[in-house]
Amino acid sequence: MKKIFIATLLVISLTPAFAVTSMKATVNGMVCAFCAQGIEKRISKMPATKAVYVDLKKKTVVVEPKEGMSLDQKAIMEEVKDAGYDIVKVESVPKSVAEIKAELVVDK
Amino acid sequence: MKLWILFITSLLVSLTVQAAPMGFKDSWMTMGDFSKTFREATTNYALTPRDAIGLTSTYMQTDNQSQRQMNNELTYTRLLKRWNMPDAQANIWFIGGIGETRGNFFNGAKATLSPGMQADYETTRLYASANARIYVADGITNNIVSARTGFSFYEANYDETQPWIIVEARRMSMVSNAYEVTPMLRLIHNRFFVEAGANLDGQPRLSFMYVY
């Protein structure tokens, strides 16, 4: 009984309390860090944003929501457009920014 | 005392850095371009993703300093067209100013206009741009045309410093009809953009951009 209790505690402790779903966008025209500042700055200011990751080599922008909040995909797309770029593809990915960043770094 | 005032003014006054001449919507951008014959400083604010207004001071002088001219202008920058491609971006810009000019070869201040155009193309490794601007006042016409090209040593990511080699050919009618060729090292890191070099006569050149 004690073993079952410990195993249950272990499983609970290893299960994320919150399943993260990030928004991953492929962006055209994003060639220069200096010019892409607007994407990070503007999306970071949005109330539901926990983290933003910009990857110039993969032409990717990833946005992770704060716990219990959902991202306004349309508003994010508008912010990218206002920063001067075009989104060509949007995906919902069940991973955090840190996890996606780690994957993209490995792929390089 | 006058020399100090001129020196400080000329440091504060300088510019025409040829990357994107405005930042993203609701951002400020400060730019400076300093060389012996041309110094310019601009601060502008992006009202929309395509429009910015700002203040620019421009100081121009001949190599022997026999003619000097300084413009203070309200400037308007407009992104006329942008092409966002998977691995590149290209732009056409309008940059115009209206204000006053003063110089040591005419009396008092004159109203001045300075319309100009810029076109640029950039990938993560290659850069090219062309720029033309005319400074007009009663009885005075100066024009500046320039072209730049360059490459980056490597493809950098968003949070890395990226070094570039840039070569510019520039002709300023007030200074000379000859083209001034200036190789420069460009460093881009996040919101900082700095270029430093010297023209083929050894005259140093420094420019920067900062967006915030």
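Naming convention: chains lettered A, B, ... in sequence-line order (proteins, then strands); numbering from 1 in each chain.
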Got a sec: does the CD1 of B:Ile98 have more than 12 other heavy atoms crowding it under 6.0 Å? no
Return yes when atom NZ of A:Lys95 has more than 12 non-hydrogen atoms of other residues, nucleotides or ligands closer than 6.0 Å, and no otherwise. no
Rounded to the nearest 0.5 angstrom, the OH-CZ distance for B:Tyr210 and A:Phe34 is 10.0 Å
As an exercise, state the distance from SG of A:Cys32 to CD of B:Gln89, rounded to the nearest 0.5 Å. 8.5 Å
[X] versus chain A, the contacting section by heavy-atom distance below 4.5 Å:
| X | result |
| --- | --- |
| B:Ala156 | backbone |
| B:Ser27 | neither |
| B:Asn91 | neither |
| B:Arg191 | both |

Note, B:Asp87 side chain near A:Val31 side chain (heavy atom, < 4.5 Å): no
Applying ring pair (Phe, Tyr, Trp, His ring centres under 6.0 Å) to B:Tyr121 and not counting sequence neighbours gives none
Which residues, numbered in order, of residues 40-49 of chain A come under 4.5 angstrom of chain B by heavy-atom distance? A:Glu40, A:Lys41, A:Arg42
Just by modelled atom types, is the A:Leu56 backbone N or O under 3.5 Å from a matching donor or acceptor in the B:Asn157 side chain? yes
Is a donor on one side and an acceptor on the other found under 3.5 Å between the side chain of A:Asp82 and the backbone of B:Phe24? no
Among B:Ala46, B:Ser152, B:Pro86, residue most engaged with chain A (heavy-atom pairs, under 4.5 Å): B:Pro86
Residue pair A:Lys57 / B:Glu160: nearest heavy atoms and the distance that separates them: NZ-OE1, 4.5 Å
